[in-house]
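Note that the structure is a prediction, hence the values are computed from the model and not measured. A, B, ... follow the sequence lines: proteins, then strands. Residue 1 opens every chain.
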Amino acid sequence: MATDIAGDAEANPPLPAPDDLDDNGFPTAAAGASSFADDFYRSGSDWSSLQASPWHQREPASGMNAKGGVSLVQSSLFQAWGIDKPPREEAAQGGSLVQRSLFQAWGIKKPFREEEAQVRAGAGVSSPSPSPSGARSGRKRRWGGAEENGAPAARKSIVCPFYKKIPGTPFTVDAFRYGAVEGCSAYFLSHFHYDHYGGLTKNWCHGPIYCTALTARLVKMLLSINSEYICPLELDTEYVIEGVAVTLLDANHCPGAALIHFRLSDGKTYLHTGDFRASKSMHLHPLLQSGRINLLYLDTTYCNPKYKFPPQEDVINFVVRTAQRYLKKQPKTLIVVGAYSIGKENVYLAISQALEVPIYTDASRRRILHSFGWPDLSKRISSCNQSSLHVLPLALVQHEKLKNYLETLNQRFLAVLAFRPTGWTFSETAGKELDLIKPSSRGRVTIYGVPYSEHSSFTELGYFLKFVRPQKVIPTVNVGDAANRDKMQAYFREWLKGL
DNA sequence: GCGATCAGCT
DNA sequence: CACAGCTGATCGC
């Protein structure tokens, strides 16, 4: 059979579901709303090979515990496959985790959901938006905005889009802004960036949140989520959750970011990339080498040939060399790296190591960075702003603001050299040499935009798809625009041709 | 007054 | 362009 791609134009529409569950195991939404299958087909795809029995009728997998929750079936896949891996901090102290109920380990008193504990209609999801697919003139999707006619829509009125649901399971990924999602009893968080955890507040009460241990620490620390909802999972360790084998893999994105691998009891395997940068090391992972992926949820942030950028290592070398050059010319130069809450750590860590200077940043970021538990990073963090390396919010990396910032450090520095690491500024100079990057200078402030991306480039996406050979692909980014969806689907088709 | 969310902006 | 937010205004309590 030819590879099916989400969005195939000549796909046949499905028969209407006979009851309140569609043939992928998702409850059909309230009247007027769309089911997973409806939305999937509407986006133009053949869904026929993904039939799965409804989740609430399936037999639990053998590893599932009596309470219908979670049990650990293998302590580590690396262990199981005889691959050497250094022990992680949590794993080292939690050896007994393997045998114990994870509910107990996480301090959960009772399972969140028994079979009948379906989300009540109207509990958190009110009547559906008239335009659920939200094609909004190229703007990023907004949630819960007032619709055109009449009174402002109730909050949380936007339903969870199908591409955040995992068919045949009661799972969603990065779907926290829709209140209680019908049929969902386990909410996965791929990584701690706002556009993925948005909607998670201290009042969260819709079900357990599964994520990596590092992400779990951030959720607890910064969002004040009741810790009984937070379920940290070790990387490369298979868990059985609601009868589905789940494994988190390093996503090579920001600290704590994970790919999520699902193996259903009927043998279907799905991979959700969250946000990721495809890398060679992923090709070595046992779970991605063995067997085919039936369905791939793909981070398509840069799924366009105009996005080309070098390996992160090359960019880091460029940044370090540039910093050294400026310091030689002017020893009283302040080096600034712009960054969001988490991500880009390796850029300033490399500068810190090469120049042998500590990393200064404000107290809130220091707290976040220390929470990673990375000794090489922690030991270089300083609370003294006399260091010549500062990490600032990206919003501050502008000429006027850096000029003001320099003045607050009265005379300690005479110039500022700042870096904005991002993927998309490089689209213009695509294919060019790093050394051709021209900084923007104004007075004593020099700013370099550098193509340091934590998402896959277009070519890396191509390599990844050819390696994974998914039967179907669901893009998860830039899906608001139909023309763009079609373009991406054409790329997928081309990459997978003949595989 | 307070926390959550929104439009606008980068 | 569109990353992953940030700022200031507004909403609901």
Any base atoms under 4.0 Å from [X], or only sugar-phosphate, or nothing? Heavy atoms, all strands.
X: A/H191; answer: nothing
X: A/H455; answer: sugar-phosphate
X: A/V477; answer: sugar-phosphate
X: A/S453; answer: nothing
X: A/D275; answer: sugar-phosphate

Would you give me the side-chain donor-acceptor pairs under 3.5 Å for residues 461-468 of chain A, sequence neighbours excluded?
| residue | atom | partner | partner atom | Å |
| --- | --- | --- | --- | --- |
| A/K466 | NZ | A/W495 | O | 3.3 |

Can you tell me how far [atom2] of [N] sits from [atom1] of [X], to the nearest Å?
X: A/Y340; N: C/dA4; atom1: OH; atom2: C1'; value: 5 Å
X: A/R420; N: C/dC6; atom1: CZ; atom2: P; value: 13 Å
X: A/F192; N: C/dA4; atom1: CZ; atom2: P; value: 14 Å
X: A/Y194; N: B/dC9; atom1: OH; atom2: P; value: 18 Å
X: A/R365; N: C/dG5; atom1: CZ; atom2: C1'; value: 11 Å
X: A/D195; N: B/dC9; atom1: CG; atom2: C1'; value: 16 Å
X: A/H196; N: C/dG5; atom1: NE2; atom2: P; value: 9 Å
X: A/E454; N: C/dA4; atom1: CD; atom2: C1'; value: 11 Å

### Query
Considering only C/dA4, C/dC3, B/dA4, which nucleotide approaches the side chain of A/T301 most closely?
C/dC3

### Query
Are A/R321 and A/D435 ion-paired here, with the side-chain N under 4.0 Å from a carboxylate O?
yes

### Task
Show your reasoning for whether ring-ring contact (aromatic ring centres under 6.0 Å, His included) applies to A/F458 and A/Y307.
CA-CA 6 Å; A/F458 183 73; A/Y307 293 119; 9.1 Å; no

Do the side-chain N or O atoms of [X] get closer than 4.0 angstrom to the phosphate oxygens (OP1, OP2) of [N]?
X: A/K202; N: B/dA4; answer: yes
X: A/H193; N: C/dG5; answer: yes
X: A/S341; N: C/dG5; answer: yes

### Task
State, without any angle test, whether A/T169 and A/E242 hold a side-chain donor-acceptor pair at a distance under 3.5 Å.
no

### Query
What pairs with A/T333 under side-chain contact (heavy atoms from CB on, under 4.5 Å), at least two apart in sequence or on another chain?
A/L327, A/Q330, A/I335, A/A415, A/L417

